[in-house]
Amino acid sequence: MIFNSDYDDFYEGESYKERNLYYKIIGGYLLNESVDGYNKRKEQFFNLLLENCNRSGYIHGNDTVAIERLEQISKESLNVTFDYHPKQHYKAEFDHGEMSDILIMGESIFCSIECKYYDNYTFKKDIEQVQYRINKYAKLVKKEAVEILLITKQKHTYSKQQQLIEELETPVVFVLWEQVADIIEDEKVRQFLLKQLERKF
């Protein structure tokens with residue numbers, strides 16, 4: 001019953017942490033191959049990312065590179081993992097910092113997703129520091145990368161951080177939780193996400 005949003009004390013009983021939200025929506029449904037319709041959901045998700053590469057304010061860095069990499073990984077077999085720290089494999093190369101809330105690993109490309117829901121993102125922590133790890137990791141695994149920032153519409157609209165983003169070695173694509181809700185066809189899952197997005201902090 002992980003997508004139950006009908007009970008009276010939903011906001012008291014349901015965690016407001018970002019991890020709870022992306023585990024449930026991304027791991028429990030969107031990119032879960034055990035749930036019927038995986039291939040369609042995968043296609044819809046990457047189509048959404050590609051569409052945002054053509055939207056002003058949603059792509060930073062080289063948009064052509066982002067599109068090429070996203071088109072390629074969308075065709076590849078994927079492995080998805082959460083809360084990924086590259087130090088677990090490359091002990092001497094990295095600090096203890098996290099690289100990806102969600103790591104989507106393809107055969108030649110990977111997407112490192114930073115999820116924000118409750119907190120605002122910051123350029124230094126969520127882009128600059130993460131990009132350092134992404135770029136270093138990409139060279140070690142000999143793959144190319146795209147960074148994704150998954151945030152709410154409100155945080156994207158009112159953010160002053162975007163003006164800090166200039167040319168980046170790895171392109172950054174913004175995607176909104178509200179856009180993810182629009183591609184969710186399972187009504188129970190969609191309503192769960194929408195109810196979480198109505199939460200007042």
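Checking side-chain atoms of Asn20 against main-chain N and O of Tyr16 turns up no donor-acceptor pair under 3.5 Å. Without hydrogens or angle criteria, Tyr117 side chain to Gln196 main chain gives a donor-acceptor distance under 3.5 Å. Glu18 places a side-chain N or O within donor-acceptor distance of the main-chain N or O of Tyr118, the cut-off being under 3.5 Å.
Residues forming a ring pair (Phe, Tyr, Trp, His ring centres under 6.0 Å) with Phe10 (at least two apart in sequence, or on another chain): Tyr7, Phe192. Under the ring pair (Phe, Tyr, Trp, His ring centres under 6.0 Å) criterion, Phe94 pairs with no residue at all, not counting sequence neighbours. Under the side chain to side chain donor-acceptor pair (under 3.5 Å) criterion, Asp63 pairs with no residue, sequence neighbours left out. With sequence neighbours left out, the side chain to side chain contact (heavy atoms under 4.5 Å, CB included) criterion links Ser34 to Asn32. In this view, Phe46 satisfies the ring pair (Phe, Tyr, Trp, His ring centres under 6.0 Å) rule with no residue, not counting sequence neighbours. A search for side chain to side chain donor-acceptor pair (under 3.5 Å) contacts involving Arg190 returns Glu187, not counting sequence neighbours. By the side chain to side chain donor-acceptor pair (under 3.5 Å) test, Asn120 pairs with Lys155, sequence neighbours left out. Applying the side chain to side chain donor-acceptor pair (under 3.5 Å) criterion to Lys24, with sequence neighbours excluded, gives Glu14.
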Using residues 99-111 as the side-chain source, report each donor-acceptor pair under 3.5 Å to any protein atom, sequence neighbours left out, with the distance given to one decimal.
unit_1: Ser100; atom_1: OG; unit_2: Ser112; atom_2: OG; d: 2.6
unit_1: Asp101; atom_1: OD2; unit_2: Cys115; atom_2: N; d: 2.7
unit_1: Glu107; atom_1: OE2; unit_2: Ser77; atom_2: N; d: 3.0
unit_1: Ser108; atom_1: OG; unit_2: Glu76; atom_2: OE2; d: 2.4

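For the pair Ala145 and Pro171, the tightest heavy-atom approach, listed with the atom from each and the gap, is O-CD, 4.0 Å. For the pair Ala66 and Val146, the tightest heavy-atom approach, listed with the atom from each and the gap, is O-CG2, 4.4 Å.
At least one side-chain heavy atom of Asp95 sits under 4.5 Å from a side-chain heavy atom of Arg133.
Residue pairs meeting the side-chain hydrogen bond (donor to acceptor under 3.5 Å, both in side chains) criterion with at least one partner in residues 175-186, sequence neighbours excluded, are Lys40-Glu185, Gln44-Glu185, Asn52-Gln179. Within the structure, salt bridge (Lys or Arg N to Asp or Glu O under 4.0 Å) contacts touching residues 141-152 (residues at least two apart or in different chains) are Arg69-Glu144.
Residue Val65 shares its hydrophobic cluster (ILVMFWY side chains chained together at separations under 4.5 Å) with no other residue.
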